[in-house]
There are 2 protein chains.
Amino acid sequence: MKVGFVGLGIMGGPMAKNLMQAGHELVLHNRTKGKADELTAEGGAEVAGSPREAAEGSAVVVTMLPGPPEVERVVAGEDGILEGIEEGSLILDMSTSSPTLAHELAEQASERGVGMLDAPVSGGDVGAIGGTLSIMVGGAEEDFERAKPLFDAMGATVTHVGPAGAGQLVKAANQIVVALVIEAVSEALVLGAKGRVAPEKVLDVLSGGLAGNKVMEVKREKFLSHEFEPGGKVEYHRKDLGIALAAGREYGAALPVTALVCEMFGALIAKGRGDWDHSALVTLLEEWAGREV
Amino acid sequence: MKVGFVGLGIMGGPMAKNLMQAGHELVLHNRTKGKADELTAEGGAEVAGSPREAAEGSAVVVTMLPGPPEVERVVAGEDGILEGIEEGSLILDMSTSSPTLAHELAEQASERGVGMLDAPVSGGDVGAIGGTLSIMVGGAEEDFERAKPLFDAMGATVTHVGPAGAGQLVKAANQIVVALVIEAVSEALVLGAKGRVAPEKVLDVLSGGLAGNKVMEVKREKFLSHEFEPGGKVEYHRKDLGIALAAGREYGAALPVTALVCEMFGALIAKGRGDWDHSALVTLLEEWAGREV
């Protein structure tokens with residue numbers, strides 16, 4: 001199948017490669033052209049000069065972009081996908097973006113006879129490279145069925161969660177839980193440390209019961225060593241919580257702790273830790289408790 | 001071994017029974033005398049008229065009480081354990097109580113040549129009945145070794161986490177994580193519901209990744225059915241968070257989200273939901289989002 005692909009960053013690059021390896025003909029576009037050239041050299045894909053060009057003649061166009069402003073520009077802006085795409089084609093936006101924007105763009109696409117799915121992922125660069133991403137998909141059932149073989153080439157768990165916007169909403173829910181669990185574990189560790197209980201003991205005992213969670217397991221070494229190589233970066237997670245809070249305001253859901261933790265991520269960014277792993281949230285609490293970081 | 005046991009509530013009753021079944025001679029005391037009589041009828045234990053009497057002649061005295069004020073009164077008050085206990089004996093406070101009080105009482109006990117361990121539990125009434133509790137123990141290593149066979153009769157996972165007070169501190173850390181994870185899942189579900197995504201989908205997708213946690217697994221049916229039979233009660237969990245916050249103030253650890261969630265539990269109690277399961281935290285957010293509960 002001829003597939004346009006826009007956005008060849010840390011995530012998009014390996015995702016495009018997996019589509020090529022599954023036998024699809026790719027037409028690549030990236031804002032900085034070098035990335036597309038690298039992939040083309042390896043696999044023989046074409047390079048397009050704009051999102052519009054990447055869409056022309058493609059049955060499906062995939063986007064993997066930093067956030068809502070880029071998604072809106074690339075899909076609906078000048079020289080954007082909607083200017084080049086043919087009726088009956090499909091757009092898969094796999095960026096983490098806004099549920100309401102996803103809904104709006106799906107309507108605009110629909111007016112031109114084009115299907116659009118919002119299909120954000122979790123699993124990070126490791127999942128993108130290995131083709132083991134979790135993909136949560138919002139949109140029409142028939143479009144989901146058409147896109148399924150492409151999703152299967154990029155991810156291990158692909159779930160259709162509801163209509164347009166629902167994929168982004170579930171991704172927002174995911175980012176809320178991850179952030180708040182990091183905060184939960186951080187408060188527990190700081191209290192323990194101030195009372196001079198070894199953090200290993202806290203993590204060991206809590207793992208066995210109702211307090212058990214995946215963050216404590218995956219981030220254990222970072223919490224213990226205080227080396228915060230990302231993983232998921234503070235700055236991206238703050239962006240994701242911003243999307244969740246905007247969706248909450250739009251839909252009328254108050255999210256008090258999400259708002260607080262979003263501000264705490266903001267404080268970390270102000271301290272120059274935006275590119276640290278999100279588990280570095282614990283360092284803010286440690287400073288509040290008088291520990292030098 | 002002759003074991004005094006003070007506090008025969010939902011937790012203490014079955015814990016005392018497990019000690020009796022392990023072959024120990026129990027001397028039981030409860031503020032309302034009926035409870036001790038019931039257990040005596042079954043197993044042939046003695047009944048004591050006061051904590052002091054329960055301690056007289058016992059090698060070990062176990063307490064399982066509602067909270068810090070009761071622990072202080074029963075151990076160090078008039079007709080309390082320290083008035084009756086013999087030198088060389090051991091006190092095991094298995095209540096969820098204050099780390100600083102645990103430390104103070106251990107010092108008072110030590111002045112009389114008596115060992116004292118703080119050994120709070122998790123696992124609820126199910127764990128108490130089945131003898132499968134998790135027990136987190138603070139105090140001297142040699143006292144821990146002496147008490148270990150008794151703990152093993154009541155629990156499945158017994159961990160020595162540090163000096164006097166450390167057991168209570170780890171329990172406080174546990175209660176922080178459980179409460180904040182309930183809040184995390186609740187915010188995710190409310191955002192999802194307002195965006196009309198089925199809560200089952202949110203829980204299913206989030207379970208597979210970094211957002212995965214035990215609360216989502218154990219409380220799944222309560223979140224879906226909105227039947228909040230306890231389980232862990234809102235009022236007890238607020239008490240536990242109050243202990244955590246007091247310890248934080250004492251040790252100099254700021255716990256911003258614990259403070260917020262503690263107030264939210266307080267709001268639930270004001271609404272008459274103190275005896276609902278703690279996962280009913282979600283109902284408060286639902287009301288804030290305009291849903292009738």
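Chain A is the first sequence line, chain B the second, and so forth, proteins listed ahead of strands; every chain is numbered from 1. Values in this document were obtained by computation on a predicted structure and should not be read as measured data.
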With a 4.5 Å heavy-atom cut-off, do B:Leu281 and B:Leu285 have their side chains touching? no
Between CD on residue A:Glu235 and CH2 on residue A:Trp276, distance to nearest 0.5 Å: 13.5 Å
Any side-chain to backbone donor/acceptor pair from A:Lys222 onto A:Glu229? Under 3.5 Å, distance only. yes
Cationic N near anionic O, under 4.0 Å, B:Asp240 to B:Lys233: no
Count the heavy atoms belonging to other residues, nucleotides or ligands that lie under 6.0 Å from CD1 of B:Ile10, then report whether that count exceeds 12. no
Residue A:Lys219 versus chain B: region with a heavy atom under 4.5 Å: side chain
Interface moiety of A:His103 toward chain B, non-hydrogen atoms closer than 4.5 Å: neither
Close approach to chain A in residues 121-138 of chain B, criterion heavy atom under 4.5 Å: B:Met136
Side chain to side chain donor-acceptor pair (under 3.5 Å) involving A:Asn213 - partner list, sequence neighbours excluded: none
Taking non-hydrogen atoms and a cut-off under 4.5 angstrom, which of residues 92-99 of chain A neighbour chain B? none
Determine whether A:Phe151 and A:Leu117 make a side-chain contact, defined as any pair of heavy atoms from C-beta on separated by less than 4.5 Å. yes
Return yes if some donor-acceptor pair links the side-chain N/O of B:Asp118 with the main-chain N/O of B:Ala102 below 3.5 Å, else return no. no
Taking A:Asn18 for its side chain and A:Met154 for its backbone only, find out whether a donor-acceptor pair lies under 3.5 Å. no
Using a 3.5 Å distance criterion without hydrogens, assess whether the side chain of B:His237 forms a donor-acceptor pair with backbone atoms of B:Gln175. yes
Tell me, for A:Val205 versus chain B, whether the close heavy atoms (under 4.5 Å) come from the side chain, the backbone, both or neither. side chain
When heavy-atom pairs shorter than 4.5 Å are enumerated against chain B, which of A:Val185, A:Val257, A:Leu260 gives the highest number? A:Val257
For chain A, which of B:Leu189, B:Val218, B:Thr157, B:Val197 has the most heavy-atom pairs under 4.5 Å? B:Val197
Top contributor to chain A contacts, counting heavy-atom pairs under 4.5 Å, from B:Ile182, B:Val181, B:Val178, B:Asp204: B:Val178
Quick one: do the A:Thr100 and A:Glu250 side chains pair a donor with an acceptor below 3.5 Å? no
A:Glu145 with A:Lys148: basic N within carboxylate O range, under 4.0 Å: no
For the interface with chain A, which of B:Met216, B:Glu183, B:Glu217 has the highest count of heavy-atom pairs at distances below 4.5 Å? B:Glu183
Relative to chain A, which of B:Val261, B:Leu169, B:Leu210, B:Thr159 shows the most heavy atom pairs under 4.5 Å? B:Leu210
Using a cut-off of under 4.5 Å on heavy-atom pairs, state which of B:Leu255, B:Ile176, B:Leu180, B:Val170 scores highest against chain A. B:Leu255
Residue A:Val161 versus chain B: region with a heavy atom under 4.5 Å: both
Under a 3.5 Å distance rule, please check whether B:Lys201 uses its side chain to pair with a backbone N or O of A:His160 as donor and acceptor. yes
Among A:Gly162, A:Ala254, A:Gly252, residue most engaged with chain B (heavy-atom pairs, under 4.5 Å): A:Gly252
If we ignore hydrogens and angles and just use 3.5 Å, is the side chain of A:Ser110 paired with the main-chain N or O of A:Ala106 as donor and acceptor? no
Taking only residues two or more places apart in sequence, or in another chain, which ones meet A:Lys194 in a side-chain contact (heavy atoms from CB on, under 4.5 Å)? A:Val190, A:Ala289, B:Tyr251, B:Ala253
Under 4.5 Å from a heavy atom of chain A, the part of B:Thr258 involved: both
